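Have a look at the structure below, then the notes.
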Amino acid sequence: MRCRVCTSRAAVEVRRHNAAFCRDHFIDHVVRQVERTIHEFDMFDHTDRLVIGVSGGKDSLALWDILHRLGYRCEGIYLDLGIDAYSTESGEYIERFVKERDLILRVVDLQDAYGFTIPQAAESTRRSPCSACGLSKRYILNEEALKGGYDALVMGHNLDDEAATLFSNVLNWSVEYLARQKVVLPASDGLVKKVKPLVRVAERETAAYAVLSGIDYEVEECPMVAGNTVNRMKEWMALLEHRSPGVTQHFLGGFYKVGSFDAAPPVLRSCESCGRPTTGERCAFCRLQELATRS
Ligand code: SF4
Ligand code: ZN
Ligand code: ZN
């Protein structure tokens, strides 16, 4: 296999683009995919102050690295979920990454700041750990981005993540979720603008980008991942992609082009406890926190 650009020996094959690249041209290719997505969806520009939610995994670190290369002003937030050694190690990978590039990182410890960990929340609420975790991440990253006065919160969801979520939303005909599944979610009262610049890059490509760029990331899977529904959808999408390279991108890209689901926006009020937007009297995060901290 030869690089599509310089014809030297290829390091990575991208089957859905029917192309292969050497190390340098693969890195260029990924950076250009992200840049194109930022411009196409008018996500932000170089005057904006951005913050990225980082987990220590390949996607968020690769994306932060790309934004840094492209000269965007982007800081990071790491939420320590209290998942034993996994959270400690993830935090260490991020600290090394930040040090090497002289970047700014905010760290929030879920236990210190909110009085519980994800394993405790899962146990006391009898919800799946991923559901308590997703809710906590959404709430706290938004809080931190608002507190820091950032123009946008950047999320490291890749093509496979987004396609799997779409697949799940379509299988369940979750019209409200489909209406909210956007690459750019504009800011509204109490909610920061959210953007996903990695949606054109597949998971194995972010992994290859990280390895070829010398980014050291947490390769271990979270020990609480069992039962994660998005992962199950990803496995199914991977089977389809294997048979028909490009189908994942076609599915997601087509949704962005034509799939507008205009569910009536929910009527929001302020949470009695924290003041953030919610449909009920108290928001889901405050209810989760109450259950998880009840001794
Ligand atoms: Fe959270 Fe589930 Fe991901 Fe673990 S696998 S970090 S519990 S969402
Ligand atoms: Zn090349
Ligand atoms: Zn609340």
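All ligand and atom numbering here is 1-based and tracks the order in the structure. Just the heavy atoms: all of them, side chains too, but no hydrogens, waters or symmetry mates, feed the values below. This structure is a prediction, so every number in the text was calculated from the model and none was measured.
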Practice task
Distance to 0.1 Å, residue and atom name: give those for the protein heavy atom nearest to atom 3 (Fe) of ligand 1.
Solution key: Lys137 NZ, 4.1 Å

Problem - the Zn ion (ligand 2): protein N, O or S atoms that are less than 2.8 Å away, sorted by chain - result: Cys3 SG, Cys6 SG, Cys22 SG, His25 ND1

Exercise for the section: Would you tell me whether Tyr150 and Glu75 have side-chain atoms, one donor and one acceptor, within less than 3.5 Å of each other? Expected result: yes

Problem - Worked check of salt bridge (charged side-chain N to carboxylate O under 4.0 Å, His left out) between Lys147 and Glu143 - result: CA-CA 6 Å; Lys147 268 192 233 156; Glu143 280 302 295; 5.5 Å; no

Exercise for the section: Look at the rings of His29 and Phe21 and say which category their plane angle falls in: under 30° parallel, 30 to 60° tilted, over 60° perpendicular. Expected result: parallel

Completion exercise
Within the 2.8 Å cut-off the protein N, O or S neighbours of atom 2 (Fe) of ligand 1 are Cys130 SG

Exercise for the section: Tell me, with the steps shown, if Leu159 and Phe251 meet side chain to side chain contact (heavy atoms under 4.5 Å, CB included). Expected result: CA-CA 10 Å; Leu159 169 63; Phe251 178 53; over 6 Å; no

Exercise for the section: Verify the distance criterion only: is there a donor paired with an acceptor across the side chains of Tyr114 and Asp109 at less than 3.5 Å? Expected result: no

Handout entry: Member of Gln33, Glu205, Glu40, Glu162 meeting the side chain to side chain donor-acceptor pair (under 3.5 Å) criterion with Arg200
Key = Glu40

Handout entry: Residues Asp65, Arg69: salt bridge by 4.0 Å N-O rule
Key = yes

Practice task
Could you check whether the rings of Phe285 and Phe116 sit parallel, tilted or perpendicular, using 30° and 60° as the cut-offs?
Solution key: tilted

Handout entry: Side-chain H-bond candidate by donor/acceptor type, Ser273 with Arg282, under 3.5 Å
Key = yes

Exercise for the section: Report yes or no: do Thr117 and Gln111 form a side-chain donor-acceptor pair below 3.5 Å? Expected result: no

